[in-house]
Peer 1: 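Sharing a structure below in structure tokens format, with a few things to ask.
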Amino acid sequence: MSRSGLSKSALTERRLQVRDIMRSVSLMALPAFMSSLLVYLMNLLNYIILALFSDYTSIASYGIVSSYTNLAAGFFVPVSMGTGYMLQRALKAGDSYKAQSIIDSVILITVPIGLASTAFAFFIAPAYIWQVVTPEEIKTATTMFLRFFSFTFLPILYFSVTTSVLIQSGERTVPLMAEISALALHGSFSYIFVGLFSWDIRGIAISAIISQIIASLINTHQILTIRRKSIARPPIRLNWSVIRELAREERALVLMAFLAGVFVIFLQFYIDGLGIPTIAGFTLFFLFQDLLFIPIHALRTPARNLSREAYDRDGNNALIDIMNPLILTAILYSLLLIPLTRLIGPPLFLMFSHDPEVTTVGMRLVNLVSSYYIFYAVSTLLTSSLEGLGKKTLLSVFNIVFNFGARILVLILAAMLIQGDESIAICYPISWALSTAAIGIYYFATYSKTGKYSL
């Protein structure tokens with residue numbers, strides 16, 4: 001009886017512990033989920049407008065341009081994330097003067113970075129379109145769209161940086177409302193420009209420029225309000241020590257994002273060789289996949305933050321207790337996606353493309369890749385946990401080896417030996433599986449409760 005009572009008591013305590021963990025996870029994951037969803041909806045609006053007023057050739061052009069913008073984001077994301085990390089440290093240390101200097105310096109540096117990115121994309125557009133072997137039928141339209149869309153780089157970067165500043169300053173409502181306003185404006189102007197004025201794909205780029213500028217102005221107004229209320233108001237100037245610290249802080253992330261962008265462009269080269277319907281099918285497949293990954297990505301923040309707290313509190317035991325419910329949640333969600341994608345995939349692909357051939361390509365890719373989402377989910381959470389534990393150098397090695405080296409090697413070999421759309425997509429599940437195996441072995445050996453196999 002005593003053993004049974006102890007077992008029941010321990011089980012109850014464990015349930016309460018898991019409940020508290022999941023409550024903390026929800027509080028951290030929900031804002032990340034909403035933020036990612038709003039960004040996704042901004043992109044989704046473009047596809048909705050194209051589905052309403054154009055055909056799958058415009059979707060193909062949009063996909064080719066998206067590959068280039070992923071490379072550009074390789075330089076934008078680290079600036080935004082680095083700003084958040086640096087500002088968080090300054091505010092936690094109570095150094096309001098340095099915090100304001102960080103805000104001023106990073107906002108000022110976004111302008112030349114954004115302008116340089118726009119100028120480079122504008123002039124490199126014809127060479128890029130030629131390099132990825134864009135089909136002749138859409139070459140002119142795709143080049144024009146990339147040049148128009150390049151003017152969004154500055155407002156996108158600026159809005160991202162100012163949003164990080166406001167969130168770290170404790171102001172979450174304004175950037176959220178700014179993003180919602182941009183979403184509403186983008187939908188309205190896209191309909192007007194593309195649907196009513198018949199500006200084809202150019203109208204989407206012009207609408208994005210207007211909506212992002214307005215959202216950036218909203219953020220700027222709030223930042224100026226915070227500055228006026230601040231006790232420490234250093235002169236508005238570029239502090240080069242802040243810029244050097246930012247570059248030192250995020251250089252590994254810049255490299256990883258750049259390599260990821262290079263891979264996407266390399267991937268686009270192989271996709272374009274299969275024709276416009278296949279390009280459109282891949283474009284819609286990646287759109288569909290981005291939606292499915294939002295809940296997984298939302299768990300990265302609690303995995304990163306709670307891992308550090310748990311490890312500092314009680315070492316490996318607390319860390320594993322935190323990560324087990326997170327990993328189990330991600331696994332269950334990934335398994336649920338297998339039947340879900342097969343059920344909702346065909347009507348969604350057909351709704352956006354209006355073409356059976358594009359739908360067939362998209363579903364072939366979904367059926368191949370969705371069964372391996374479990375590897376992506378587990379490796380993503382373990383990577384986030386290791387990031388929280390300060391293993392940035394190790395993660396850089398894992399990323400270079402598996403998410404770039406192995407992936408590009410599999411892509412080349414599969415494209416040469418098998419050929420076809422599935423041979424291109426197969427590089428993703430293989431790299432996810434290899435990455436999960438390597439990171440999983442390291443993680444659970446190093447942070448096992450017994451510590452017996454510590455690496």
Side-chain angles (χ1 to χ4, degrees), residues 17-37 40 77 81 252-253 256-257 260 289-338 340 369-403 406-407 428-449 455:
Q17 183 184 21
V18 171
R19 184 199 65 183
D20 292 340
I21 291 171
M22 297 312 295
R23 183 179 296 169
S24 300
V25 167
S26 300
L27 291 174
M28 294 183 186
L30 185 59
F33 175 84
M34 292 304 299
S35 176
S36 298
L37 182 62
Y40 174 82
V77 173
M81 292 183 64
L253 185 57
M256 294 302 104
Q289 185 169 263
D290 286 344
L291 173 63
L292 301 177
F293 283 173
I294 289 177
I296 297 174
H297 292 168
L299 293 175
R300 290 185 300 189
T301 299
R304 182 173 57 247
N305 295 348
L306 293 177
S307 292
R308 180 74 267 173
E309 295 174 6
Y311 188 76
D312 289 342
R313 183 177 67 251
D314 192 26
N316 292 2
N317 291 337
L319 176 64
I320 298 301
D321 287 341
I322 285 286
M323 289 303 298
N324 281 343
L326 275 172
I327 292 173
L328 180 60
T329 301
I331 289 174
L332 292 176
Y333 172 74
S334 302
L335 293 175
L336 178 64
L337 289 181
I338 297 174
L340 182 65
V369 176
S370 61
S371 299
Y372 299 91
Y373 284 161
I374 185 172
F375 295 123
Y376 179 80
V378 173
S379 63
T380 296
L381 293 187
L382 292 181
T383 297
S384 299
S385 179
L386 287 172
E387 184 181 329
L389 295 169
K391 302 294 184 178
K392 289 187 177 181
T393 303
L394 178 68
L395 290 177
S396 297
V397 173
F398 277 133
N399 277 323
I400 292 174
V401 172
F402 298 109
N403 293 333
R407 190 173 293 177
Y428 283 99
I430 290 178
S431 67
W432 293 339
L434 292 173
S435 178
T436 303
I439 295 176
I441 290 172
Y442 172 83
Y443 191 92
F444 289 105
T446 302
Y447 299 104
S448 63
K449 288 191 174 184
L455 299 177

Peer 1: Is the number of heavy atoms from other residues, nucleotides or ligands under 6.0 Å of Tyr372 OH greater than 12?
Peer 2: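 Counting neighbours around OH of Tyr372, 12 or fewer heavy atoms of other residues, nucleotides or ligands fall under 6.0 Å, so no.
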
Peer 1: Please name the pair of heavy atoms, one in Arg313 and one in Ala318, separated by the smallest distance, quoted to 0.1 Å.
Peer 2: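 Heavy atoms only, the tightest pair is NH2-CB, 3.8 Å.
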
Peer 1: Which pair of non-hydrogen atoms, one from Ser307 and one from Leu389, has the smallest distance, and what is that distance?
Peer 2: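 Where Ser307 meets Leu389 most closely, the heavy atoms are O-CD2, 3.9 Å.
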
Peer 1: Could you check Ile294 against Ser36 for side chain to side chain contact (heavy atoms under 4.5 Å, CB included), going step by step and ending with a plain yes or no?
Peer 2: CA-CA 6 Å; Ile294 289 177; Ser36 298; 4.0 Å; yes

Peer 1: Run the side chain to side chain contact (heavy atoms under 4.5 Å, CB included) test on Leu319 and Ser385 for me, step by step, so that the C-alpha distance in whole Å, both residues' side-chain angles and the decisive distance to 0.1 Å come before the verdict.
Peer 2: CA-CA 9 Å; Leu319 176 64; Ser385 179; 3.9 Å; yes

Peer 1: Is there a donor-acceptor pair under 3.5 Å between the side chain of Ser431 and the backbone N or O of Arg407?
Peer 2: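 Side chain of Ser431 to backbone of Arg407, a donor-acceptor pair under 3.5 Å: no, none is there.
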
Peer 1: Tell me, with the steps shown, if Met323 and Tyr447 meet side chain to side chain contact (heavy atoms under 4.5 Å, CB included).
Peer 2: CA-CA 11 Å; Met323 289 303 298; Tyr447 299 104; over 6 Å; no

Peer 1: In Å, rounded to the nearest 0.5 Å, how long is the span from OG1 of Thr393 to CZ of Phe398?
Peer 2: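 These two atoms lie 12.0 Å from each other.
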
Peer 1: Does Phe293 have any ring-ring contact (aromatic ring centres under 6.0 Å, His included) partners at least two apart in sequence or in another chain, and if so, which?
Peer 2: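 Result, ring-ring contact (aromatic ring centres under 6.0 Å, His included) vs Phe293: His297, Tyr373, Tyr376.
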
Peer 1: Working to the nearest 0.5 angstrom, can you tell me the gap between Tyr40 OH and Leu291 CG?
Peer 2: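 Tyr40 OH to Leu291 CG: 4.0 Å, rounded to 0.5 Å.
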
Peer 1: Compare every heavy atom of Ala298 with every heavy atom of Pro302, then report the nearest pair and how far apart it is.
Peer 2: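 Taking every non-hydrogen atom into account, CD-O, 3.3 Å.
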
Peer 1: Considering non-hydrogen atoms only, spot the tightest contact between Thr329 and Pro325 and give its length.
Peer 2: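 Taking every non-hydrogen atom into account, OG1-O, 2.8 Å.
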
Peer 1: To the nearest 0.5 Å, what is the distance between CD1 on Ile320 and CD1 on Ile327?
Peer 2: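 Here the interatomic distance stands at 7.5 Å.
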
Peer 1: Assess whether side chain to side chain contact (heavy atoms under 4.5 Å, CB included) is satisfied between Leu340 and Leu337, documenting all intermediate values.
Peer 2: CA-CA 5 Å; Leu340 182 65; Leu337 289 181; 4.1 Å; yes

Peer 1: Only one of Leu382, Leu381, Leu434, Leu394 clears side chain to side chain contact (heavy atoms under 4.5 Å, CB included) with Ile439; which?
Peer 2: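 Of all the options given, the one that passes is Leu382.
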
Peer 1: State the OG1-CZ distance between Thr301 and Phe33, to the nearest 0.5 angstrom.
Peer 2: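 Thr301 atom OG1 to Phe33 atom CZ measures 13.0 Å (nearest 0.5 Å).
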
Peer 1: Looking at OG of Ser334 and CD1 of Ile296, how far apart are the two atoms once the value is rounded to the nearest 0.5 Å?
Peer 2: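 Between atom OG of Ser334 and atom CD1 of Ile296 there are 4.5 Å.
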
Peer 1: In Å and rounded to the nearest 0.5 Å, what is the CD to CG distance from Glu387 to Asn305?
Peer 2: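 Going from the CD atom of Glu387 to the CG atom of Asn305 covers 9.5 Å.
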
Peer 1: Looking only at heavy atoms, which two atoms of Ile374 and Ser371 are closest? And how far apart?
Peer 2: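 Smallest heavy-atom distance, with atoms named: CG2-O, 4.2 Å.
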
